[in-house]
Structure formats: structure tokens, C-alpha cells
Amino acid sequence: MLLTLTYRGATATDLGFLLHKHPERVHEIALPHGIAHVFFPEASEEVCTAALLVELDPIGLVRDRRGPEGESGALSQYVNDRPYAASSFLAVAITRAFGTALSGRSKERAALAESALELEARIPALPCRGGTELARRLFLPLGYDVTLDEAPLDPAFPAWGTGPYRALTLRGRVRLSELLAHLVVLVPVLDDDKHYWVGDDEIEKLLRRGEGWLAGHPDKELITSRYLRHQRRLTRRALERLEQEETRDPDEASTAGDREEQSLERAQSLQGLRMRAVLEVLAQHEVTSVADAGCGEGRLVKLLLDEPRHTRVIGMDVSPVSLERADKRLDLLSMPPARRARLSLVQGSLMYRDARLEGLDAIVCVEVIEHLDLDRLPFFEASLFAAARPRVIVITTPNVEHNVRFATLAPGALRHRDHRFEWTRAQFAAWAARVADAHGYLATISLVGPDDPEVGAPTQLAVFVRGTEGA
Ligand code: SAH
């Protein structure tokens, strides 16, 4: 069983520091059912690759009854894919060999451990129970480029076709700890081997390793159920906890923050102006299907529905609490069926590619990007501009220069306690131009709210039009 991790960077051999393994040595780590070797087949200034080779002890596995049982009888206890196919044994080896890196710590290279790096992971034999498409479905939403190569079942007999395993390559800009956590959870999920006893502490492990990504993953139910070996009670409890994590995160700060932000901006009823500006853009571009992504409590969704030209309206938010409020505000239960049929309220995250956002005329994100961590913004860009790719994208965000005009806002403070950043006009323009350029859109920026000759209006609005349409 083999995993290789490749880092391309300024001082690529720093990978050794991150993994706490010296690139010039071979390391051996004892495992419950075998041994792991860590070595570096390549270690130059530009490229560094670490290999984790796991040798399982099949006899030991049989003694512990952890080998496959199945219908094929005693032989399969000794002759099986366990030594070769990536499975929970690989996950265990990762946690043992790279535990510190998995936890995101590094004594010597703390800043690097926190940074998104150009990383590549390869697993030459990945089992994909449920079809190879599943591997793509699980890794794509996490922002990776995914390659799954087939291999012949037996090179000597091409007529036998390809084997059930795939060579997996993941490429992306991620923190090493994230990449390892994704592998530790998703490799056993793809293997879906049920022979392993799972106790309550597996929920804690899953939640710890899934922190920050599992709660928003479109396949979180499948992942949780398989990780917990299809034990319904455990799965239900884990999913409840994930739900809490998701609501806690953006929301706790949100509700109080929303009130502060609203009172700050009320004088100019900025929210109303913003929504009107967005509706105008959609009318100009004759949009008929639209998603309000990060819809919050659904104020704009209501206005979108009021416009009969919009035959399909999606309100999407990562926070179930916000969606519940939207549900109430829109009075979904007593909505006339024709209006109801045009609307979907869905839970989902802009960090992940989401098929439900594909094929639309327009996607709008009103006051959302500033709630995303700056280093996660590339995932937002990928899911919106590369995957969903609507004809028109509208993004609004605060103009931080205007903050000095809010009398009640402390100098240097941001408008909302959940805001991760607020941009100047130049910063937003530079970002919009870069993203538009990278994805074949044309960006136009305008300001919303009372203009101020010195610091500009309070809100900035970018319209991105795909292709040459806006030229
Ligand atoms: N568009 C609304 C809400 C803005 S507040 C308005 O203008 O009033 C930001 C919203 O973005 C919150 O509802 C928050 O839950 C949501 N959000 C934060 N991160 C998100 C993500 N990754 N994907 C989707 N929505 C997200």
C-alpha cells in the first residue's frame, strides 16, 4: 500500500519539516498490523516527494479476524487485496506516521503548516466501492483536480479488461493538514470495508478530521455513514453534531453581527439599495433563472420571486438556521403552488462545486465573500467561475474606505464581527479583474449607496458577464 505526497514550492524540502521526517533518512513506524516506511524518492529545492509504504501482516490480520471473511471461504483470508489496496489501514498509517502534520502543527515551519501549498497526493491502488465516479464526487468538492487512471487487471491478458482499482492523483492548493485529513476520512470511505469494529470514539475522530469541510460537503451523509461502517445510531449522532457545527460557525457571530451591521447601514437603507441594484442588473441581462447564493434570511429571494421573468429561483445558504428563517419569511407552507414551484431553498456551501448551481443564467452573492477566509477564496472562485459558470455573476461587498463615515464604528473596525476582510475599491477591482480574466468573464464595477467624493459609496458591486457578451 503506497501513498506519495509531493510539494512544489520555494524550498520544497521543507516538506520534511512539515512531516517531521528527515528527507535523507528512511523511517520505520510500527503499526498495529504491520509496518510503515517513510522515505523521500525525490528531494530537491523545487520538488520534494515523501512516500508512505505500508506493509501489512496478513497472518496477523487473520488472527485478529480483521481480514475479509466473505463468501469465498478461508482462502480469501490469506489471499486478498488488503496488502495493496488503500484502506483504513492506510488511514491508520497516516495518523501514526504523520500525526503532527495531520494536526496542523509544526515546530520549525509553523507558518508553512498554516499555508495553502501546491500539493499532490498519489495512491496507485484505490478501491472505489460504488463506482469510480464516487471518488471524483468526494474529492472534487474539496477543490482538487482529480485524476483516476485505470490499470489492466492483468497486463498479460488485455482481454480481461481493467481492474477495479484506480490510480488516484489529487492536485490542489491546500494546507498539508487538510490534505491528510481528507485522505484519512475519504480513503476508508471509498474502500467501505465493513469488517472493523467501530466504537463511539470514531464519531469524535470523524468530527475532528472533518472539521471545517465535512459539515458543508454535499455527500456528508454518505461519508458519515460509510466512515462509521453503516451503524445507524452512530451516523445519526454524528450528523446531528455536524449540523450543530455548521450552524454554530457562521451563525453565532452572525445574528448579533447582522443586527450591528443593519443598524450601522440603516440610515441609508443600504440593503434595499443593494437589492434594487442587483435586480436592475438581472433585468438588464434578461436573466430568467437565478440563484441567490448566501441568501441569508431570504429578503432578496422574495424580490426575485416577485419578478415573473424569473422562472427558476434558488436560495442557497450554508447555514440551516438562516434557511429556516428564510423559510418563515417566505411563508413557504402557504405559498401559492405556482410560485412555490419556481423556488428551491437549498443548503450548500460556495466553497464546493455544486451541481445544483449549474445551468443557471445568473448567480448573485450579496455581501457574502467578506464572510469567507481569504485563503479559501480560491475555492469560491473555482466553484462559481469554473464549475457553475452562469452567464452573469453579481457580487457585492463593503467598500472599507467608506467605514470612516460610519460615526458609530470604531476606527479600523470592520462592519460585521464575522467579516474576515473588507476591501478598498482598488483591492476589489484588482480581484475582480484577475478572476474575470482567469475564467473568461468581463467584469464591470459600480458603487451602491450615496457617493462620497473622498471615500466612495459604502457598497461595491461587480457584474461579471461570461464570454464576449458584455463587450
Ligand atoms: N445575502 C444576504 C446575507 C448576507 S450575510 C444579505 O445580503 O442580506 C452572508 C451570508 O453568507 C450568511 O447567510 C452566511 O450564512 C452565508 N455564507 C457564509 N459562508 C458561506 C458559504 N461558504 N456558502 C454559502 N453561504 C455562505
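Order of appearance sets the numbers: ligands from 1, and atoms from 1 within every ligand. This chain uses plain numbering: 1 for the first residue, then up along the sequence.
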Compute the shortest N/O to N/O distance between [X] and ligand 1 and return yes if it is under 3.5 Å, no if not.
| X | answer |
| --- | --- |
| Leu372 | no |
| Asp317 | yes |
| Asp292 | no |
| Gln271 | yes |
| Gly294 | yes |

- To the nearest 0.5 Å, how far apart are CG in Asn399 and CZ in Arg405?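 Those atoms lie 10.5 Å apart.
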- Task: Name the orientation class of the two ring planes belonging to Phe406 and His402 (parallel below 30°, tilted from 30 to 60°, perpendicular beyond 60°).
- Result: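 Rings of Phe406 and His402: perpendicular, over 60°.
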- Message: Which label fits Trp423 and Trp431: parallel for a plane angle under 30°, tilted from 30 to 60°, or perpendicular past 60°?
- Response: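 The rings of Trp423 and Trp431 sit tilted, inter-plane angle from 30° to 60°.
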- Query: With a 4.0 Å heavy-atom cut-off (strictly under), which part of Leu300 contacts ligand 1: side chain, backbone, both or neither?
  - Reply: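 Neither part.
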- How does Met316 reach ligand 1, by side chain, by backbone, by both or by neither, if only non-hydrogen atoms under 4.0 Å count?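 For Met316, there is no contact with ligand 1 at all, from either part.
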- Message: One thing to verify: whether Asp306 and Arg339 come together as a salt bridge, which I'm taking to mean a side-chain N less than 4.0 angstrom from a carboxylate O.
- Response: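 Judged by the 4.0 Å cut-off on N to carboxylate O distance, Arg339 and Asp306 do form a salt bridge.
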- Taking the six-membered ring for Trp and the full ring for Phe, Tyr or His, determine whether the centres of Tyr144 and His182 are under 6.0 Å apart.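 Close enough - the centres of the two rings lie under 6.0 Å apart.
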